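Report on the following structure.
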Amino acid sequence: MRCSKQPNHFQSLSLLHWPLSYLAIFWILQPLFIYLLFTSLWPLPAFYFVWLFLDWKTPEQGGRRSAWVRNWCVWTHIRDYFPITILKTKDLPPQHNYLMGVHPHGLLTFGAFCNFCTEATGFSKTFPGITPHLATLSWFFKIPLIRDYLMAKGVCSVSQPAIDYLLSHGTGNLVGIVVGGVGEALQSVPNTTTLILQKRKGFVRTALQHGAHLVPTFTFGETEVYDQVVFHQDSRMYKFQSFFRRIFGFYFCVFYGQGFRQGSLGLLPYSRPIVTVVGEPLPLPQIEKPSQEIVDKYHALYMDALHKLFDQHKTQYGCSDAQKLLFL
């Protein structure tokens with residue numbers, strides 16, 4: 001079946017990738033499942049809850065990916081809307097495992113989602129023998145049905161047990177972590193290249209413990225697809241955002257893009273190119289209990305590799321030659 005560019009389809013699917021949508025689905029499904037227990041359809045939620053109990057640890061034990069879901073035609077609508085592409089700078093030999101830093105977070109991480117959670121941009125052909133996993137908030141895997149949808153795309157929990165499992169069972173596994181986390185979402189405004197990375201060293205320690213190679217990536221255009229309303233740190237709205245983050249694990253961001261009509265505002269992202277550049281893997285020794293000095297050393301090497309990756313490709317993908325990559 002030939003896929004064409006259809007913003008209507010894109011809007012419905014992009015909302016499924018939005019954390020607030022997951023939250024809304026949770027509040028809808030929870031009472032619905034309880035209600036069905038008191039109707040003639042009670043076997044449906046009963047059997048699912050039994051299945052949920054038996055399957056509870058699967059998200060932390062490699063998940064349950066589905067080639068069928070990853071190849072849904074609708075992902076190509078998302079790819080073509082912007083468009084989204086992936087650029088390989090070096091091979092990733094399948095004899096190793098990899099821990100990949102995903103930068104920047106952006107608002108909805110469209111680039112990482114399309115490139116690593118689907119086959120729309122041909123990941124398996126670009127990196128043969130590599131199985132990608134994108135880590136996200138652990139509590140998403142506690143939501144009925146949503147957990148199964150996420151696992152089918154190859155998404156895993158960002159918890160330590162889940163990452164340890166993938167990096168210690170076989171080779172050819174690649175785990176992508178959005179290192180800047182939800183805090184970086186507030187930095188996601190057009191024409192900015194600021195990353196929260198200076199003190200984020202846990203992923204380096206994990207890579208050392210497993211001898212996994214570190215892979216820097218930078219997604220150009222990720223922060224250009226939405227405009228965000230940025231609030232002053234002393235404002236009530238900023239305090240509400242911080243409160244919301246403490247409760248739910250991510251920020252309530254106020255953003256806007258384009259509407260269905262030419263020149264109108266709406267929730268559709270701007271149709272601007274997104275390019276994920278995958279850098280050269282940085283080999284790490286396997287050290288069961290790395291010292292802080294060792295962690296600091298390889299963290300500095302990673303930041304240097306990421307900086308070089310950005311500088312080598314920035315003018316080709318929309319940044320000026322004077323644009324600097326800043327680490328907070």
Side-chain angles (χ1 to χ4, degrees), residues 5 7 10-11 13-15 17-21 77-87 101-116 121 178-198 200 216-233 235 237-238 240-242 244-245 250-279 306-307 309-328:
K5 201 191 293 186
F10 171 80
Q11 185 183 41
L13 265 294
S14 67
L15 290 176
H17 185 51
W18 191 13
L20 286 178
S21 296
H77 291 302
I78 298 177
R79 177 199 66 194
D80 295 339
Y81 178 88
F82 293 97
I84 296 174
T85 54
I86 187 170
L87 175 66
V102 178
H103 312 278
H105 183 288
L107 281 166
L108 299 181
T109 58
F110 287 114
F113 162 74
C114 195
N115 286 314
F116 307 124
T121 57
V178 187
V179 181
V182 293
E184 206 170 79
L186 291 183
Q187 306 289 332
S188 181
V189 294
N191 302 316
T192 60
T193 48
T194 302
L195 305 179
I196 298 178
L197 181 60
Q198 196 75 43
R200 301 289 173 93
T217 70
F218 193 90
T219 300
F220 292 91
E222 188 68 62
T223 61
E224 306 298 318
V225 297
Y226 277 116
D227 288 305
Q228 182 178 183
V229 180
V230 180
F231 299 95
H232 192 273
Q233 292 187 2
S235 67
M237 189 60 193
Y238 184 86
F240 170 76
Q241 288 178 315
S242 300
F244 190 93
R245 191 255 180 177
F250 58 92
Y251 283 101
F252 183 92
C253 296
V254 180
F255 60 91
Y256 60 91
Q258 64 185 24
F260 289 103
R261 292 182 300 173
Q262 186 73 22
S264 65
L265 297 180
L267 289 179
L268 284 176
Y270 300 118
S271 180
R272 295 170 181 168
I274 295 176
V275 182
T276 298
V277 182
V278 181
L306 181 60
H307 209 289
L309 184 72
F310 175 80
D311 286 341
Q312 287 171 1
H313 296 90
K314 61 183 181 182
T315 56
Q316 185 179 354
Y317 297 114
C319 296
S320 68
D321 189 53
Q323 187 79 39
K324 301 294 183 182
L325 188 62
L326 303 177
F327 298 134
L328 297 181

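We use all heavy atoms of the structure for the numbers below, so side chains are in, but hydrogens, waters and symmetry mates are not. Just so it is clear, the model here is predicted, and its values are computed rather than measured.
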Sequence neighbours excluded, the answer for side chain to side chain donor-acceptor pair (under 3.5 Å) partners of Gln323 is Thr193
Taken in chain and number order and not counting sequence neighbours, the residues that satisfy side chain to side chain donor-acceptor pair (under 3.5 Å) with His103 are Tyr302
One should read off an interatomic distance between Phe82 CZ and Glu222 CD, to the nearest 0.5 angstrom, of 8.0 Å
Nearest heavy-atom approach of Thr315 to Ser320 is CG2-C, 4.2 Å
Residues Val179 and Gly101: closest non-hydrogen pair is CG2-CA, 4.0 Å
Which of Val277, Val278, Thr276 passes side chain to side chain contact (heavy atoms under 4.5 Å, CB included) with Leu87? Answer is Val277
OG1 of Thr194 to CZ of Phe327, rounded to nearest 0.5 Å, is 10.0 Å
In short, Gln228 meets Leu107 closest at the heavy-atom pair NE2-CD2, 4.0 Å
Looking only at heavy atoms, the pair that brings Pro190 and Glu224 closest together is CB-OE1, 3.5 Å
Interatomic distance, SG@Cys319 vs NE2@His313, rounded to 0.5 Å, equals 12.0 Å
With a 4.5 Å heavy-atom cut-off, do Phe113 and Leu108 have their side chains touching? no
Shortest non-hydrogen pair, Pro104 vs Leu195, comes out as CB-CD2, 3.6 Å
In this structure, OG1 of Thr217 is separated from CG of Leu306 (nearest 0.5 Å) by 7.5 Å
Residues at least two apart in sequence or cross-chain that pass side chain to side chain donor-acceptor pair (under 3.5 Å) with Thr121, listed by chain then number, are Asn115
Report task. Could you check whether the rings of Tyr317 and Phe220 sit parallel, tilted or perpendicular, using 30° and 60° as the cut-offs? Result -> tilted
Could you give the side-chain donor-acceptor pairs of residues 258-270 under 3.5 Å, partners two or more places apart or in another chain?
unit_1: Gln258; atom_1: NE2; unit_2: Tyr81; atom_2: OH; d: 2.9
unit_1: Ser264; atom_1: OG; unit_2: Arg261; atom_2: N; d: 3.4
unit_1: Ser264; atom_1: OG; unit_2: Arg261; atom_2: O; d: 2.7
unit_1: Tyr270; atom_1: OH; unit_2: Asp227; atom_2: OD2; d: 2.6

Value for CZ (Arg200) from CG (Leu328), rounded to nearest 0.5 Å, stands at 10.0 Å
CD1 (Ile274) and CD1 (Ile86) are apart, to the nearest 0.5 Å, by 13.0 Å
Salt bridge (charged side-chain N to carboxylate O under 4.0 Å, His left out) pairs touching residues 314-328, sequence neighbours excluded, are Asp311-Lys314
What one should report as the nearest heavy-atom pair of His307 and Leu325 is NE2-O, 3.6 Å
Side chain to side chain donor-acceptor pair (under 3.5 Å) filter on Thr85, not counting sequence neighbours, yields none
